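The structure appears below as structure tokens.
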Amino acid sequence: VAIGYEGLVDNQLTGVAISMGAGMCNIAVMYQGMTALSFSVARGGDWIDECVSMDTGVSKAKVTNIKESSKNLNLNKSTINDIYEEGTEESNVLIAIRVNYLLTNLRVQFEGIDNVPNFPDPVPIVIGGGTALVTGFLDVFNEQFDQSEFPIPVSEIVLIEDAHTAVARGCLSEAQLAEEDEEDNS
């Protein structure tokens, strides 16, 4: 919801917000600032980092650091080329990070829900969180996203500005709106 308060402002707080943060991927479907539906996919964020760590032998802390700060890590690269030297920590992390699990689980989660809202117009999906910071993440997400299997028409998929701090900024925005409502009702 906090990602929605930060990233869906230009769409009247209506759309789908995904936080690719620590521990889980949290999803909120919002309509005019109200949460219509929310759920979590347990295998995201830290789980991805842990699996990458196990697959590569690189510590989880180092995987997280590489994932979030590497200038060379790029999910668009399907093969190791001059930027990556096979067997390096960065190349091993690149090979191990995948987006497919999240998208498969999103589809499965939506299939099990009877009250998915119907929107009159396509809505955006906004994504934030540390896992989304890897160069090429949004491109891979878009490539693997299948509108025909998603129950809500989507207008665009965007990475929220400053994805690492978006949840905190969204919480602040929500608190400011709540404070304005209290002042208006006084």
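Worth knowing before you read on, the calculation uses all heavy atoms, side chains too, and leaves out hydrogens, waters and symmetry mates. In this text, all values refer to a predicted model and were calculated from it rather than measured experimentally.
For the pair Q147 (side chain) and V154 (backbone), a donor-acceptor distance under 3.5 Å is present.
The side-chain contact (heavy atoms from CB on, under 4.5 Å) check on N118 picks up nothing, with sequence neighbours excluded. When the side-chain hydrogen bond (donor to acceptor under 3.5 Å, both in side chains) test is applied to S59, no partner is found at least two apart in sequence or on another chain. When the side-chain hydrogen bond (donor to acceptor under 3.5 Å, both in side chains) test is applied to D162, the partners found at least two apart in sequence or on another chain are T165. When the side-chain contact (heavy atoms from CB on, under 4.5 Å) test is applied to E156, the partners found at least two apart in sequence or on another chain are P124, V158. Partners of F150 under the ring pair (Phe, Tyr, Trp, His ring centres under 6.0 Å) rule, at least two apart in sequence or in another chain, are F110, F145.
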Residues 176-184 side chain polar contacts: donor-acceptor under 3.5 Å, at least two apart:
none

In residues 10-20, what donor-acceptor pairs under 3.5 Å come from side-chain atoms, sequence neighbours left out?
from, atom 1, to, atom 2, distance (Å)
N11, ND2, T14, O, 2.5
T14, OG1, Q12, O, 3.1
T14, OG1, Q32, N, 2.8

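Distance check: M30 CE to L37 CG gives 12.0 Å after rounding to the nearest 0.5 Å. Annotation: the span from L159 atom CG to I127 atom CD1 amounts to 7.0 Å, rounded to 0.5 Å. Put simply, OG on S40 and CD1 on I27 are 6.5 Å apart, with the number rounded to the nearest 0.5 Å.
Hydrophobic clustering (side-chain heavy atoms under 4.5 Å, transitive across Ile, Leu, Val, Met, Phe, Trp, Tyr) keeps L138 apart from V126. The hydrophobic clustering, which links ILVMFWY residues whose side-chain heavy atoms are closer than 4.5 Å, places F141 and V29 together. F119 is connected to F39 through a chain of hydrophobic side-chain contacts under 4.5 Å among Ile, Leu, Val, Met, Phe, Trp and Tyr, so both are in one cluster.
Remark: of the listed residues V1, V9, I3, L8, V1 is the sole one forming a side chain to side chain contact (heavy atoms under 4.5 Å, CB included) with Y5.
Listed here is the closest heavy atom pair of P122 and S155: CB-N, 3.6 Å. E6 and A166 get closest at one heavy-atom pair: CB-O, 3.9 Å.
Heavy atoms of other residues, nucleotides or ligands lying less than 6.0 angstrom from CD of E149 number more than 12.
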